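Heads up, the thing below is written out as structure tokens.
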Amino acid sequence: MKKIEAIIKPFKLDEVKEALHEVGLQGITVVEAKGFGRQKGHTELYRGAEYVVDFLPKVKIELVVNDDMVAKAVEAIQQTAQTGRIGDGKIFIIPVEEAIRVRTGERGSEAI
């Protein structure tokens, strides 16, 4: 099993969710986040004063999938989240040792 964490632009969330659903994945966790990468924020003008916005709004999607679904999930996220502009985000793939469903006690693949 692998945990996929994807940090994307907020307006891409619905498209990514639909793409994941189409490849057969159901459960995701979404966290609102703020951060910056190479773009290092930007400057905004508000009522005549300049403000530096260091942390840009992002969305972090987390899902745990069986090893055979990793490539499909990553491709779905990458293709739908991509705008071609700086700040599109990142995808991280992390090994998962064990998963346990709290309600039933199921373990491993059955828990996800």
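Index from 1, following the sequence. It should be emphasised that the depicted structure is a prediction, and the values quoted were computed from it without experimental measurement.
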Going by an N to O cut-off under 4.0 Å, is there a salt bridge joining Arg107 and Glu98?
yes

Would a single hydrophobic cluster contain both Ile93 and Met69, if residues Ile, Leu, Val, Met, Phe, Trp and Tyr are joined by side-chain heavy-atom contacts under 4.5 Å?
yes

Same hydrophobic cluster for Val96 and Val65, using side-chain heavy-atom links shorter than 4.5 Å among ILVMFWY?
no

Less than 4.0 angstrom from a charged side-chain N to a carboxylate O is my criterion; do Glu15 and Lys12 meet it?
yes

Leu25 vs Leu63, side chain to side chain contact (heavy atoms under 4.5 Å, CB included): CA-CA, chis, key distance, verdict
CA-CA 9 Å; Leu25 298 169; Leu63 58 153; 3.7 Å; yes

Indicate yes or no for a side-chain donor-acceptor contact from Lys9 to the backbone of Val59 under 3.5 Å, with no hydrogens or angles considered.
no

Does any part of the side chain of Lys3, heavy atoms only, come nearer than 4.5 Å to the side chain of Glu62, both counted from C-beta?
yes

Rounded to the nearest 0.5 Å, the CG atom of Asp68 sits from the NZ atom of Lys2 at a distance of 11.0 Å

From Phe92 CZ over to Lys60 NZ, what is the distance, rounded to the nearest 0.5 angstrom?
9.0 Å

Kindly compute the distance separating NZ (Lys90) from NZ (Lys58), expressed to the nearest 0.5 Å.
8.5 Å

Could you tell me whether the side chain of Ile61 reaches within less than 4.5 Å of the side chain of Ile77, counting heavy atoms only?
no

What one should report as the nearest heavy-atom pair of Asn66 and Ser109 is OD1-OG, 2.8 Å

Show every side chain to side chain donor-acceptor pair (under 3.5 Å) that has at least one partner inside residues 17-35, sequence neighbours left out.
none

What about Val70 and Val23, same hydrophobic cluster or not, with Ile/Leu/Val/Met/Phe/Trp/Tyr joined at side-chain heavy-atom distances under 4.5 Å?
yes

ILVMFWY cluster, Leu56 and Ile7 together (side-chain gap under 4.5 Å)
no

Looking only at heavy atoms, which two atoms of Ala111 and Glu106 are closest? And how far apart?
CB-O, 3.4 Å

Given the rule in the side chain to side chain contact (heavy atoms under 4.5 Å, CB included) test, do Met1 and Ile112 qualify, once you have shown the distances and angles that lead to the verdict?
CA-CA 9 Å; Met1 292 180 294; Ile112 57 172; 4.1 Å; yes

Atom CD1 of Ile8 and atom CG of Asp88: how far apart are they, to the nearest 0.5 Å?
9.5 Å

Looking only at heavy atoms, what is the nearest atom pair of Ala73 and Ile4, with distance?
CB-CD1, 3.6 Å

Going hydrophobic residue to hydrophobic residue with side-chain gaps under 4.5 angstrom, can you get from Val74 over to Val16?
yes

Is it true that atom CD of Gln78 has more than 12 heavy atoms of other residues, nucleotides or ligands lying nearer than 6.0 Å?
no

